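The basis for the numbers below is simple: all heavy atoms, side chains too, and nothing from hydrogens, waters or symmetry mates. Numbered from 1 within each chain, the chains take letters A, B, ... in sequence-line order. Bear in mind that the values here come from a model prediction, so they are computed numbers and not experimental data.
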Number of protein chains: 2
Amino acid sequence: MKHTLNKNKQEILQAAQKQCLKHDLRFTSKRSNVLQLMLHENKPLSAYDIMADYKTQYNQSISAVSVYRMLDFLIHAQLVHKLASSSQYIVCSHITCHHAHETPQLLICDTCHQVEEIGIGTLLTSELEANIAATGFKLQHQQLELHGVCSSCQKLH
Amino acid sequence: MKHTLNKNKQEILQAAQKQCLKHDLRFTSKRSNVLQLMLHENKPLSAYDIMADYKTQYNQSISAVSVYRMLDFLIHAQLVHKLASSSQYIVCSHITCHHAHETPQLLICDTCHQVEEIGIGTLLTSELEANIAATGFKLQHQQLELHGVCSSCQKLH
DNA sequence: ACACAAATGTAATGTTATAACATTTCATCC
DNA sequence: GGATGAAATGTTATAACATTACATTTGTGT
């Protein structure tokens with residue numbers, strides 16, 4: 001399934017707010033600031049990167065603990081993904097998509113460090129699940145992180 | 001493809017030694033000790049766990065740096081996998097298998113923390129690759145870490 | 001025995017993440 | 001509009017994971 005491209009920030013922020021209301025959570029200004037900052041950077045950031053950026057962009061200090069808490073919040077709200085393989089965080093590319101979210105599949109370029117998020121096909125997902133179910137294992141959360149070189153970087157040799 | 005169960009330690013150590021010779025690397029006693037320790041524990045361990053275990057089991061101190069270097073070595077020799085999602089390390093289940101290694105797929109039980117390593121089918125692998133190739137991305141290294149609950153833990157509710 | 005590369009040791013420090021407890025913010029109810 | 005209680009954030013300290021830089025030792029080939 002093809003995903004529509006990200007719409008503008010405004011729309012993403014509104015979607016985020018809606019997501020939060022639905023779960024009785026507060027979309028505070030700091031949380032919003034963190035999300036905006038991450039949208040603006042549009043690349044994986046560490047928690048400490050975010051802390052530094054926040055200071056620069058909003059001229060206001062924020063502690064590491066707070067950043068981690070906000071990231072936890074945004075992850076639970078399905079607005080942000082954690083890249084376990086690099087301990088970094090990135091905004092979900094599909095916030096404004098209306099269909100059910102598929103298994104996120106993150107293609108991480110080891111050259112330019114950009115991340116492309118694609119949705120694995122449902123056929124493939126069910127095959128993968130069947131493969132796993134055969135062992136009696138019950139899947140909880142699935143996110144595939146795949147490392148390689150993106151098409152842009154391949155062109156530059 | 002079904003994998004044979006792990007054979008005894010002796011055989012694994014021999015296979016490991018052979019792997020190293022092939023690449024002109026030394027399978028030193030410390031590296032061997034670390035591998036044996038990991039085999040013995042048979043569960044994911046952090047680098048610092050290994051450091052502590054080493055001290056206990058061999059009555060000899062070893063530094064964190066050394067542990068990380070040995071882990072790097074064992075990973076490159078394809079004897080050990082790193083679990084990025086938990087910053088832990090575990091011996092590859094397929095060391096003594098003779099066929100080419102498939103994409104390692106690690107089923108991590110979030111209850112008992114045991115890891116089951118299965119090989120993703122080649123059909124599935126090629127589908128996944130096709131899916132990815134469509135985006136122009138070139139895969140480098142693939143390892144799937146999937147979290148859930150293993151069959152034993154499901155039985156205990 | 002020498003030379004050289006590989007392996008390991010040592011010390012310091014960088015990076016990622018959480019614990020424990022205090023304070024502030026904000027919606028709700030009276 | 002003030003009380004109140006939960007959610008959010010602040011503060012301080014520290015735990016856990018990982019690397020850098022440089023010194024020393026070990027083992028192999030000549």
Closer than 4.0 Å, any side-chain N/O of B/Ser63 to the OP1 or OP2 of C/dT10?
no
Could you check whether A/Arg69 gets within reach of a base, just the sugar-phosphate, or nothing at all, counting any heavy atom under 4.0 Å?
base
Taking CZ from A/Phe27 and P from D/dA8, how many angstroms apart are they, rounded to a whole number?
12 Å
A/Tyr89 vs C/dT16: side-chain N/O to OP1/OP2 distance below 4.0 Å:
no
Heavy atoms only, 4.0 Å cut-off, all strands: where does B/Thr28 land among base, sugar-phosphate and nothing?
sugar-phosphate
Compare the minimum distances between each of C/dA17, D/dA21, C/dA19 and the side chain of A/Val65, then state the nucleotide with the smallest one.
C/dA19
Does either side chain, that of B/Gln60 or that of B/Lys30, offer a donor lying less than 3.5 Å from an acceptor on the other one?
yes
What about B/Tyr48, does its side chain sit under 3.5 Å from the base of D/dA15 through a donor-acceptor pair?
no
Do the side chain of A/Glu145 and the main chain of A/Ser86 share a donor and acceptor less than 3.5 angstrom apart?
no
Please determine if a side-chain N or O atom of B/Lys82 lies less than 4.0 Å away from the OP1 or OP2 oxygen of D/dA18.
yes
State which of D/dT9, C/dT16, D/dC17 makes the closest approach to the side chain of A/Ser46.
C/dT16
Does the side chain of B/Lys30 get closer than 4.0 angstrom to OP1 or OP2 of C/dG9 through an N or O atom?
yes
Have a look at B/Ser87 and say if it touches a base, only the backbone sugar-phosphate, or nothing, with a 4.0 Å heavy-atom cut-off.
sugar-phosphate
C/dA17 phosphate, OP1 or OP2, under 4.0 Å from A/Tyr68 side-chain N/O
yes
Is it the case that B/Asp53 and B/Thr56 place a side-chain donor and acceptor less than 3.5 Å from each other?
no
What is the distance, rounded to the nearest whole Å, between atom CE of B/Met70 and atom P of C/dA6?
16 Å
Could you tell me the separation between the CD1 atom of B/Ile118 and the CZ atom of A/Phe137, rounded to the nearest 0.5 Å?
9.0 Å
Closest to the B/Arg31 side chain, choosing from C/dA7, D/dA8, D/dA18:
C/dA7
